[in-house]
2 protein chains.
Amino acid sequence: MTVTIRDVARQAGVSITTVSRAFNGYQDVSEETKKKILQVAESLNYRPSRVARSLVLQQTQSVGLMISDFNVNPGGHHFLFDVIAGVHDRLAYLGYDITLVSTTTARQRLISYIDFCTERRLEGVIVMGMRLDDPYMQEVAEAKLPSVGIDLPILSRYCGYVMTDNVNGARQGVRYLISQGHRSIGFVNGHAQAAVSVDRLRGYQTAMQEAGLEVKEDWIIHSNFLVDGGETATRQLLQNHPEMTAIFYASDLMAIGGMRCIQRMGKKVPGDIAVLGYDNIDLGEWVTPMLSTVAQKRYEMGVAAADMLMGMLLRQEEPGGRLLPPSLVIRESS
Amino acid sequence: MTVTIRDVARQAGVSITTVSRAFNGYQDVSEETKKKILQVAESLNYRPSRVARSLVLQQTQSVGLMISDFNVNPGGHHFLFDVIAGVHDRLAYLGYDITLVSTTTARQRLISYIDFCTERRLEGVIVMGMRLDDPYMQEVAEAKLPSVGIDLPILSRYCGYVMTDNVNGARQGVRYLISQGHRSIGFVNGHAQAAVSVDRLRGYQTAMQEAGLEVKEDWIIHSNFLVDGGETATRQLLQNHPEMTAIFYASDLMAIGGMRCIQRMGKKVPGDIAVLGYDNIDLGEWVTPMLSTVAQKRYEMGVAAADMLMGMLLRQEEPGGRLLPPSLVIRESS
DNA sequence: CACTATACCCAAAACGTTTTGGTTTGGCAA
DNA sequence: TTGCCAAACCAAAACGTTTTGGGTATAGTG
């Protein structure tokens with residue numbers, strides 16, 4: 001059926017050792033036989049089997065890409081897609097394969113994360129989209145398998161992470177709003193089970209305190225990162241606190257929902273209420289007014305995560321926590 | 001290092017044959033020894049190696065997911081992410097693994113699609129995001145490897161496809177505009193190298209002709225599926241044809257760009273110009289006015305593609321062309 | 001001529017499974 | 001006793017590679 005190294009060897013009149021060595025660029029095979037072998041291989045359409053290779057080499061050159069709750073992650077694509085692209089490009093460039101892993105049921109029975117990975121002999125894993133209260137969290141953190149989390153600050157012997165410097169991102173954002181003269185600044189945060197929410201909250205608090213402004217608990221609302229959540233949170237904020245002149249959102253999606261709500265209430269953005277988002281998704285440029293936001297480098301996060309994992313795998317580097325700098329992009333909404 | 005079936009066998013005092021058979025649910029191993037084996041395996045943390053298994057079984061239980069131009073596909077996430085989720089969920093459910101494949105350079109040298117897949121012994125491939133003029137197209141079509149394209153109508157002995165019924169989608173959409181009294185209806189299509197563009201154009205033409213309306217060539221513009229493309233195309237259309245009262249777009253992104261343009265020109269949607277998009281991306285609900293659109297079932301497309309591929313693999317079914325029904329969702333923009 | 005160095009090549013073992021074609025054991029009927 | 005059967009187990013081959021530890025010429029050197 002499939003053509004093997006043995007077929008090539010027979011056809012070329014050499015041993016399989018020689019074929020193998022010819023293919024792997026060893027020096028102890030003459031130019032002549034090498035040419036012959038390559039030519040025979042070509043004519044037979046021979047492709048070396050990675051699985052046989054993996055078996056004997058005891059390494060698969062492949063890592064898992066774990067995306068939590070793939071199917072029930074509305075709006076997740078705005079963030080995750082670019083990260084995946086970054087991870088993919090970097091790993092593919094280094095010759096590593098990517099296998100998709102999910103936390104959801106496979107074959108109807110729940111298979112443990114670590115079982116899945118060791119059965120496939122994955123050499124490492126990149127984890128994304130996971131909540132802090134996800135039951136798999138523990139497993140990932142404790143596994144003796146090199147892994148790096150994206151927006152998931154777990155650090156251990158085998159486990160590093162990459163995320164945007166959310167404390168500073170939020171801090172810079174709020175600081176900008178303050179610099180524009182705002183004093184009553186609301187904050188619509190994401191849900192508390194996202195690591196980023198914790199940091200962004202701290203950034204907000206820090207910026208307010210640094211400016212000598214009081215941090216009022218009921219200026220802060222936890223929502224869901226999505227447009228509708230931003231809308232309802234905004235309504236609540238504005239009804240209870242008419243003095244508010246600016247709102248900072250922990251995601252662009254919520255900010256877009258917020259702008260919509262504000263405009264529906266007959267107020268102007270940024271005239272009456274300034275709006276600042278977080279993420280810099282493509283659509284921020286296309287809403288009216290154009291959304292100001294704290295930008296995350298999503299593709300670069302993927303690349304950084306891949307690099308960290310490769311560092312562990314290839315050069316036994318220690319995992320760490322890598323923070324990528326955010327940047328402020330001011331458009332029209334603030 | 002890693003614990004193998006041999007370790008389990010030794011520790012349990014049986015042969016590796018018996019361990020294997022115990023694990024695979026054969027009947028000729030007594031309850032007692034089976035219990036013993038399972039217990040030993042548990043205590044040793046034994047996990048059978050899929051790679052050894054693949055080698056002897058001559059099947060990997062894994063398929064490729066090929067995403068064309070992963071990194072240079074702005075806006076692609078709106079469509080591709082959900083499809084990927086569908087493909088993933090279905091295949092994971094059936095116990096198949098997914099390996100990411102891209103058309104881009106791996107290890108700096110261009111590796112052929114078919115080489116990539118056979119080296120890894122992938123059993124099939126699902127291809128998405130590919131243009132008709134992609135150099136890989138030919139290769140996919142001619143490969144003796146079961147594959148199904150998404151929005152890529154190539155049909156051969158080994159190659160099927162899944163797409164939305166774009167002819168009817170466009171036809172229904174335009175028909176709706178006509179039913180609302182519009183007679184001068186522009187069409188902003190995607191680029192001609194996308195299979196869907198061909199079909200949507202035909203749908204537009206059909207609907208116009210069925211209503212006895214003339215199809216004017218310069219009412220039709222080919223653009224790029226993206227917001228900015230929609231914006232410029234709209235400006236062009238409206239400047240040259242002030243009589244136009246409705247525009248149909250081949251993507252929601254372009255429709256959103258179009259609405260922005262129309263509003264910038266001081267006209268009202270849908271009062272002056274009615275707008276109808278295509279895709280039903282999440283943001284259509286959150287622009288003002290809310291976007292009317294032809295909805296595609298993205299997740300279901302992924303599931304259908306996975307199902308077709310599995311049908312070929314598991315039950316030797318013939319590949320075919322599966323068309324999923326679109327549906328009209330009318331909101332405020334038309 | 002004997003010895004050594006070099007260039008080229010190869011047999012066999014190993015990787016961790018599955019499966020084939022057995023063997024062994026004990027029980028039971030004739 | 002013998003023969004037969006079923007239940008429980010196993011040795012060995014196979015899957016397609018890589019690598020180790022050689023071997024055999026040929027050419028060069030003293």
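Small disclaimer: the values here were computed from a predicted structure and weren't measured.
- In terms of phosphate contacts, B:T17 brings no side-chain nitrogen or oxygen within less than 4.0 Å of OP1 or OP2 of D:dC10.
- Backbone-only contact: A:L57 has heavy atoms under 4.0 Å from sugar-phosphate atoms and none from a base.
- Between B:V19 and B:V14, some side-chain heavy-atom pair lies under the 4.5 Å cut-off.
- Taking every heavy atom of both residues into account, B:I126 and B:L91 meet most closely at CD1-CD1, 4.5 Å.
- Note on ring orientation: taking the six-membered ring where Trp is involved, the planes of B:H191 and B:F225 are perpendicular (angle over 60°, cut-offs 30° and 60°).
- A:V14 comes within 4.0 angstrom of sugar-phosphate atoms only, judged by non-hydrogen atoms across all strands, and of no base.
- Within the 4.5 Å cutoff, side-chain heavy atoms of A:V125 are placed close to those of A:Y113.
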**Request:** Just do the salt bridge (Lys or Arg N to Asp or Glu O under 4.0 Å) check on A:R131 and A:D134 with the steps written out, would you?
**Result:** CA-CA 5 Å; A:R131 296 161 55 110; A:D134 192 298; over 6 Å; no
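- Between A:Y161 and A:I154 the shortest heavy-atom distance is CD2-O, 3.7 Å.
- In the 5' to 3' direction, nucleotides of DNA chain C lying under 4.0 Å from heavy atoms of chain A begin and end at C:dC8 to C:dT17.
- A:S54 comes within contact range of no nucleotide atom at all, as no heavy-atom separation falls under 4.0 Å.
- For the pair B:K36 NZ and D:dA8 C1', the interatomic distance rounds to 17 Å; values are reported in whole Å.
- A:S20 places no side-chain N or O within donor-acceptor distance of the main-chain N or O of A:I16, the cut-off being under 3.5 Å.
- A perpendicular orientation is assigned to the rings of A:H78 and B:H78, their planes being inclined by more than 60° (bins at 30° and 60°).
- For DNA chain D, the residues of residues 20-31 of chain B within the heavy-atom distance limit of 4.0 Å (strictly under) are B:D28, B:V29, B:S30, sorted by number.
- Residues B:T33 and B:R121 each lie close to DNA chain D; by heavy-atom proximity, the contact nearer the 5' end of the strand is made by B:T33.
- The NZ-P distance, from B:K35 to D:dA8, rounds to 15 Å in whole Å.
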